[in-house]
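Down below is the structure, laid out as structure tokens.
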Amino acid sequence: MRQVSLVNHNSNNSITRSVRKDNTVFFLSNRYTVPLGSYQKHPEVHVMSNKENKLIIYVKETGEVLASHTISPDKGQLVRNTSHQRDRSKGLKELMEAVGSHFTNSEMAQMYFQKLRNRYPRYLRDQLSIIKKCIDVSSVEVLDDSLALCMERQLFSANDFQDVVHLLKRQRQVNMNIPNAIAETKPTSADVEDLPLLHAEAKQRPFDQYVAIMEGVK
């Protein structure tokens, strides 16, 4: 998803415009579209033109850019961006359900996604995309444990989720390699006495230790 640009809140050449019910803004005898739902969310916006003959429509309080259009030299035109007609909120709901279906506890997954949505309302698709990449290369066990740890530690970021996945996978790989390394070497009598200790170290570490590892890596 394209990153939303920010406009300087103190722009001196901006003017205030009302968003019409058809989600358009009137400027110099033409109508310019803004995303579906803008009329309810942002009934009043600011507009400004730049040196590239672009009309920038944005929310003054946050600097969030709602739309950018080439200014038409004609009159009475509807200048549109076809993507503005899509109900992106509906698509997000379906995407959240699709990604959440890969977890054993799908309800917990939806709770986690909602936390991401609250924290990154404009970038939820990017957040879910990162998690989807983890799903494609991870086992259900790793995904479930990573989700539980992120919820427990309030790690509400897809990058944090990805870090936890990598750490758990790395730890499981270490656990798998320890017995293999023992089998490839002929044990001495001293080695045999140490086998119980080695096997004990190969057990899965508790979540607190994973967090300590993660903090050390970062």
Side-chain angles (χ1 to χ4, degrees), residues 1-102 106-107 109-133 135 150 154-162:
M1 183 177 66
R2 179 181 63 84
Q3 185 174 358
V4 177
S5 302
L6 297 180
V7 171
N8 187 334
H9 297 190
N10 298 319
S11 298
N12 295 321
N13 62 337
S14 67
I15 56 178
T16 304
R17 283 288 185 269
S18 296
V19 177
R20 301 155 71 101
K21 290 184 178 180
D22 60 353
N23 292 293
T24 62
V25 173
F26 196 75
F27 181 77
L28 295 181
S29 301
N30 293 310
R31 291 181 296 139
Y32 295 83
T33 62
V34 290
L36 192 68
S38 295
Y39 172 71
Q40 290 83 6
K41 295 179 181 178
H42 309 292
E44 190 173 87
V45 296
H46 279 245
V47 300
M48 60 177 289
S49 58
N50 61 21
K51 296 179 180 179
E52 289 75 32
N53 197 40
K54 291 283 188 179
L55 178 68
I56 310 299
I57 305 172
Y58 68 99
V59 181
K60 184 177 182 180
E61 290 74 16
T62 63
E64 176 189 347
V65 174
L66 298 178
S68 174
H69 296 280
T70 299
I71 298 176
S72 173
D74 302 321
K75 304 294 183 182
Q77 300 297 311
L78 172 61
V79 182
R80 70 174 73 222
N81 182 331
T82 55
S83 68
H84 290 166
Q85 300 305 311
R86 300 171 188 165
D87 188 350
R88 296 181 68 83
S89 62
K90 182 177 180 181
L92 281 173
K93 181 179 179 180
E94 295 172 348
L95 182 58
M96 290 168 65
E97 291 176 353
V99 176
S101 67
H102 293 276
S106 59
E107 291 185 3
Q110 294 306 317
M111 291 173 59
Y112 185 71
F113 299 160
Q114 191 58 51
K115 294 290 187 181
L116 298 183
R117 189 171 196 169
N118 294 341
R119 181 166 291 189
Y120 308 103
R122 301 293 298 182
Y123 306 107
L124 180 60
R125 288 181 185 274
D126 291 338
Q127 293 285 304
L128 294 175
S129 178
I130 293 173
I131 294 176
K132 181 61 168 62
K133 290 179 181 178
I135 290 172
C150 286
Q154 299 184 19
L155 302 175
F156 300 131
S157 161
N159 287 326
D160 286 338
F161 181 88
Q162 182 174 248

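Model, not experiment: these values are computed from the prediction.
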Separation between CZ (R80) and CG (D22), nearest 0.5 Å, reads 9.5 Å

### Message
So I131 and Y112, do their side chains get closer than 4.5 Å, heavy atoms only?
### Response
yes

* Could you tell me whether Q40 atom CD has more than 12 heavy atoms of other residues or ligands within 6.0 Å of it? => yes

By salt bridge (charged side-chain N to carboxylate O under 4.0 Å, His left out), R17 pairs with (sequence neighbours left out) none

Residues passing the side-chain hydrogen bond (donor to acceptor under 3.5 Å, both in side chains) test with T16, sequence neighbours excluded, are H46

Residue set satisfying side chain to side chain contact (heavy atoms under 4.5 Å, CB included) with Q110, at least two apart, ordered chain then number -> M96, F113

OG of S68 to CG of L55, rounded to nearest 0.5 Å, is 7.5 Å

For this session: Go through T70 and N53 one step at a time and tell me if the side-chain contact (heavy atoms from CB on, under 4.5 Å) criterion holds.
Result: CA-CA 6 Å; T70 299; N53 197 40; 4.2 Å; yes

Residues at least two apart in sequence or cross-chain that pass side chain to side chain contact (heavy atoms under 4.5 Å, CB included) with N118, listed by chain then number, are Q114

With sequence neighbours left out, the residues meeting side chain to side chain contact (heavy atoms under 4.5 Å, CB included) with E52 are N50, K54

K133 meets the salt bridge (charged side-chain N to carboxylate O under 4.0 Å, His left out) criterion, sequence neighbours left out, with none

Would you say the side chain of S72 lies within less than 4.5 Å of the side chain of Y32, judging by non-hydrogen atoms?
yes

Q: Could you tell me whether a side-chain N or O of Q77 sits under 3.5 Å from a main-chain N or O of N30, the two making a donor and an acceptor?
A: no

